[in-house]
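Model, not experiment: these values are computed from the prediction.
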Amino acid sequence: MTDAHDTAPDAPRLAETFAEVEDALLSRWPETRLEPSLDRIEAFTELLGEPQHSFPSIHLTGTNGKTSTSRMIETLLRALDLRTGRFTSPHLERMSERISIDGEPLDDEAFVRAFNDVAPYTHLVDAEQDHPLSFFETIVAMAFAAFADAPVDVAVVEVGMGGSWDATNVIDADVAVVLPVAVDHAKYLGEDAVTIAAEKAGIIKAGSVAVLAEQTPEVAAVLLERAAEVGATIAREGIEFGVASRTPAVGGQVVSLQGLRARYDDVFLPLYGAHQAQNAAVALAAVEAFAGTGVLDDEVVRAAFAEVTSPGRLEIIRRSPTVLLDAAHNPHGAEAVAAALEDSFSFSPLVGVLGVMEDKDHEGLLAAFEPHLAHVVCTQNSTPRSMSAAAIGRAAAEIFGEDRVSVVPDLADAIDRAATLAEAGEAIDVSIGAGAVLVTGSVVTVGEARSLLKGRR
């Protein structure tokens, strides 16, 4: 066994603490730097003994909704007494959230162990390949190794970006889920939804079941063509399964879901918005497709959905005034959130706190939120990729008008400013309802806000 502090150049030092793992991973290529190829991850998993082939899996892609749907699928699978692994990205607060076993993120000790299991092989891949392993490739391999080691009965795996050449695509999933496809990561995936769909379709494999959320006709055509090409079975939202009805309710909504083999009525889902009801229908179909021919027990399905959580997705983190967090970071996501706010809440005024990444369509995001926000406080998160508060402020002034825009670079101060505005609005006209704050624009902004606000509760 190598000593933890062996400094030989050909043997990477094993980590002893969570912080050391974080440091080692962050020293690699960041998630935003891509070289589209599966060569490195394939070389890496081969050295690790192909852990990704030791368990069946459900693979998810799409522009929005992947993490919420992954969490729903996992909760349903666990209700069927299956041991689950779940890989999602990005994380909200801690890197270890990306790898969960039995519904719980790896604790610090397990995360260090997962890293040390793969660390001895990283330098071998780095030396052989044109480019070193990236942060994302390394953490994907950690997840697969941890799932094989557990061992899990099934893994729920969310792609990082795209599909075909995403590092997660070394799995041959039994069920491939494609959530709604819209334009995001245009720089890497393409400028239009059809080009992006062709990339995402790459997770649909021979003999699998492709569970397809509702898509535009152009995107649906691309996905159906891929399924036909590889001989995958198709299940489409709105045809083979879907949301039969939904009613907003206190703490979420009550839905009736038409599954692949049965209908499930009066299912309480503790998440807000039509988009989450659709995610639930997709999750149900994915689990039915995975489980085989039988009908799922009605009570089991109800109990599982009632337990679902999705942090940072219209999550009420504080009251008085109400502060909601939502990780919407593209226009498609913002529109879904705006519709859910109208549908489930009657906040007046609703004040936005917006911090976005530089490579995102911030104008599209602002335009989607403009009809729903009385005022927007433009801010930034702590990462170098964050757009400056001033730059967002300039764009916001064009869309909202200067009198509805504030610029507060410090996130904690921005939330305080928004809370003050929300409460002042409430005093002006109590009859309309209470004021509230929506923190949005980026997973990182929401994660940092969540850490700040949890500390204050």
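- Taking each heavy atom of V118 and M142 in turn, the nearest pair found is CG2-CG, 3.6 Å.
- Residues satisfying the salt bridge (Lys or Arg N to Asp or Glu O under 4.0 Å) test with R261, not counting sequence neighbours, are none.
- For the pair L438 and V351, the minimum side-chain heavy-atom distance is 4.5 Å or more.
- Salt-bridge annotation for E22 and R94: absent, with no side-chain N of the basic residue lying under 4.0 Å from a carboxylate O of the acidic one.
- Remark: T88 OG1 to E74 CD distance equals 8.5 Å, nearest 0.5 Å.
- Annotation: the span from H91 atom NE2 to I99 atom CD1 amounts to 11.5 Å, rounded to 0.5 Å.
- When only modelled atom types and interatomic distance are considered, R404 and H375 share no side-chain donor-acceptor pair under 3.5 Å.
- The CG atom of N116 sits 9.0 Å away from the CD atom of E20 when rounded to the nearest 0.5 Å.
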Do S344 and Q253 pass the side-chain hydrogen bond (donor to acceptor under 3.5 Å, both in side chains) test, and can you show the C-alpha distance, the side-chain angles, and the key distance before you say yes or no?
CA-CA 8 Å; S344 303; Q253 55 192 308; over 6 Å; no
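- Of the possible donor and acceptor atoms, one in the side chain of D166 sits under 3.5 Å from a partner among the backbone N and O of G160.
- Distance alone, capped at 3.5 Å, is enough to place a donor-acceptor pair between the T440 side chain and the D326 backbone.
- With salt bridges taken as basic N to acidic carboxylate O contacts below 4.0 Å, one links R302 and D298.
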So F369 and F400, ring-ring contact (aromatic ring centres under 6.0 Å, His included) or not? Walk me through it.
CA-CA 10 Å; F369 279 126; F400 281 72; 8.8 Å; no
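- With hydrogens and angles disregarded, a donor-acceptor distance shorter than 3.5 Å links the side chain of R28 to the backbone of L133.
- Residues E288 and L296 form a side-chain contact, since some pair of their non-hydrogen atoms from C-beta on lies under 4.5 Å apart.
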Using the side-chain contact (heavy atoms from CB on, under 4.5 Å) rule, take I41 and F136 through it: C-alpha gap first, then chi angles, then the decisive distance, then the call.
CA-CA 10 Å; I41 188 73; F136 189 72; over 6 Å; no
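- At distances below 3.5 Å, at least one donor-acceptor pair connects side-chain atoms of R313 with backbone N or O atoms of P311.
- Checked by atom type, the side-chain pair N381/T445 shows a donor-acceptor distance below 3.5 Å.
- Remark: F18 CZ to L106 CG distance equals 9.5 Å, nearest 0.5 Å.
- Counting heavy atoms from C-beta outward, F290 and P56 have side chains that approach closer than 4.5 Å.
- Contact record, T379 with P409: OG1-O, 3.0 Å, taken as the closest heavy-atom pair.
- Separation of atoms CG (L354) and CG (L366) is listed at 5.5 Å; rounding is to 0.5 Å.
- Taking 4.5 Å as the limit, some side-chain heavy atom of F115 sits within range of a side-chain heavy atom of L25.
- Judged purely by atom type and a 3.5 angstrom limit, E315 uses its side chain to pair as donor or acceptor with the backbone of G312.
- P331 and D361 make their closest contact through CG-OD2, 3.4 Å (heavy atoms, listed as atom of the first residue, atom of the second, distance).
- A heavy-atom distance below 4.5 Å is not found between the side chains of V140 and Q52.
- Of the possible polar contacts, one joining the S27 side chain to the A24 backbone as a donor-acceptor pair under 3.5 Å is found.
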One pair to check against side-chain contact (heavy atoms from CB on, under 4.5 Å): T61 and L179. What are the steps and the verdict?
CA-CA 6 Å; T61 190; L179 289 150; over 6 Å; no
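- When only modelled atom types and interatomic distance are considered, E158 and T67 share a side-chain donor-acceptor pair under 3.5 Å.
- Nearest heavy-atom pair, G85 versus V152, reported as atom, atom and distance to 0.1 Å: N-CG1, 3.6 Å.
- Between the OG atom of S164 and the CD1 atom of I203 there is a distance of 9.5 Å, given to the nearest 0.5 Å.
- A donor-acceptor pair under 3.5 Å is formed between the side chain of D174 and the backbone N or O of S57.
- Looking at every heavy atom in both residues, V21 comes nearest to A15 through CG2-CB, 3.6 Å.
- Counting only N and O atoms by type, the side chains of E358 and S386 include no donor and acceptor under 3.5 Å apart.
- With a 6.0 Å radius and a threshold of 12 heavy atoms from other residues, nucleotides or ligands, R417 has its CZ atom at or below the threshold.
- With respect to R246 and D343, a salt bridge is recorded, a charged nitrogen being found less than 4.0 Å from a carboxylate O.
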Verify side-chain contact (heavy atoms from CB on, under 4.5 Å) between V181 and V222, making sure each step is shown before the conclusion.
CA-CA 11 Å; V181 174; V222 173; over 6 Å; no
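- Inspection of the N279 and S68 side chains reveals no N or O donor paired with an N or O acceptor under 3.5 Å.
- At distances below 3.5 Å, not a single donor-acceptor pair connects side-chain atoms of S208 with backbone N or O atoms of I204.
- Remark: the S451 side chain and the E93 side chain contain an N/O donor-acceptor pair separated by less than 3.5 Å.
- Ring geometry for F55 against F147 counts as perpendicular: the plane angle is over 60°, on a 0 to 90° scale with 30° as the lower cut.
- Side-chain atoms of N330 and N64 form a donor-acceptor pair, as typed in the model, at a separation below 3.5 Å.
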Give the C-alpha distance, both sets of side-chain angles, the deciding distance and a yes or no for side-chain contact (heavy atoms from CB on, under 4.5 Å) between I316 and F345.
CA-CA 12 Å; I316 296 174; F345 303 101; 4.1 Å; yes
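- Comment: R83 engages D102 in a salt bridge, judged by a side-chain N to carboxylate O separation of less than 4.0 angstrom.
- No side-chain heavy atom of L257 sits less than 4.5 Å from a side-chain heavy atom of F241.
- Residues D81 and D153 share a closest heavy-atom pair of O-OD2, 4.3 Å.
- Taking 4.5 Å as the limit, every side-chain heavy atom of V337 sits out of range of all side-chain heavy atoms of Y272.
- Among Q258, Q278, Q215, the single residue meeting the side-chain hydrogen bond (donor to acceptor under 3.5 Å, both in side chains) criterion with E237 is Q278.
- For W29 and E137, the side-chain atoms include no donor-acceptor pair closer than 3.5 Å.
- Looking at D192 and T195, their side chains come closer than 4.5 Å, going by heavy atoms from C-beta outward.
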